[in-house]
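Note that the numbering runs from 1 along the sequence shown for the chain.
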Amino acid sequence: MSQENDCLFCKIIAGDIPSTKVYEDDTVYAFKDINPKAKVHVLIVPKDHYPNVAALAKAEPARLAHIVEVAKSIADSEFHGEYRLVFNTGVDAGQTVFHVHAHVLTGEVLDE
C-alpha cells in the first residue's frame, strides 16, 4: 500500500488520527466527515495514495468503480439508496486534502 507521510487521509487510514469508521475492506476506508454538509456525509478513500480522481481512474479504474459501489451501499443503509457523490479535483474545485476521496451525501432531500 502506497502512502504519503504528510497526508492526512493516509494517517487516518493507518489509525494515527482517529475517525468514525463507516466501512472498511482491503482496498478502501470510509469515515464520517468532521464538517458534514448533509445529514449523512461520508468520505470514501482508497487505501493507496492517489492525488485525485483522475489519477485513480487512470491507474485503477476497478477501484474507482468499487468506490461507487461502496457509496451506493452506504446510501442504501442510510437513505433508501439515493445520494450525491462528489469528487473535488484541484484547489479551485475545493480539494483541500490531496488524497482522492469521494464525498457521499445522503440522509435527507438535498438542495440542488
What pair of heavy atoms forms the shortest contact from [X] to [Y], and how long is it?
X    : Y    : value
R63  : K47  : NH1-N, 3.7 Å
Q95  : G90  : OE1-N, 2.8 Å
L110 : L105 : CD1-O, 3.6 Å
P61  : A59  : CD-C, 3.8 Å
A102 : L85  : CB-CD1, 3.6 Å
H41  : P36  : ND1-CA, 3.5 Å

Criterion side-chain contact (heavy atoms from CB on, under 4.5 Å) on V22 and V40, from CA distance to verdict: CA-CA 11 Å; V22 173; V40 175; over 6 Å; no
Report the distance from atom [atom1] of [X] to atom [atom2] of [Y], rounding to the nearest 0.5 Å.
X    : Y   : atom1 : atom2 : result
I44  : F31 : CD1   : CZ    : 10.0 Å
T27  : H66 : OG1   : NE2   : 4.0 Å
E108 : E82 : CD    : CD    : 13.0 Å
N35  : D33 : CG    : CG    : 6.0 Å
S73  : Y83 : OG    : OH    : 10.0 Å

I17: side chain to side chain contact (heavy atoms under 4.5 Å, CB included) partners, not counting sequence neighbours: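 I17 satisfies side chain to side chain contact (heavy atoms under 4.5 Å, CB included) with L8, K11, I12 once adjacent residues are dropped.
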pair [X]-[Y]: side-chain heavy atoms closer than 4.5 Å:
X   : Y    : value
F9  : V100 : no
V91 : F98  : yes
Y50 : E60  : yes

Test log, rule side-chain contact (heavy atoms from CB on, under 4.5 Å), inputs F87 and L64: CA-CA 11 Å; F87 291 91; L64 179 55; 3.7 Å; yes
Same apolar cluster (I L V M F W Y, side chains within < 4.5 Å links), V28/V53: yes
Connected via hydrophobic side-chain network under 4.5 Å: L56 and V45: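 Unlinked, L56 and V45 end up in two clusters.
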Ring centers of H101, H103 separated by less than 6.0 Å: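 Yes, they do, as the ring centres are separated by less than 6.0 Å.
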Expected output: side-chain H99 to main-chain P46 donor-acceptor under 3.5 Å: yes
CG/D92: more than 12 non-hydrogen atoms of other groups inside 6.0 Å: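 No, not enclosed.
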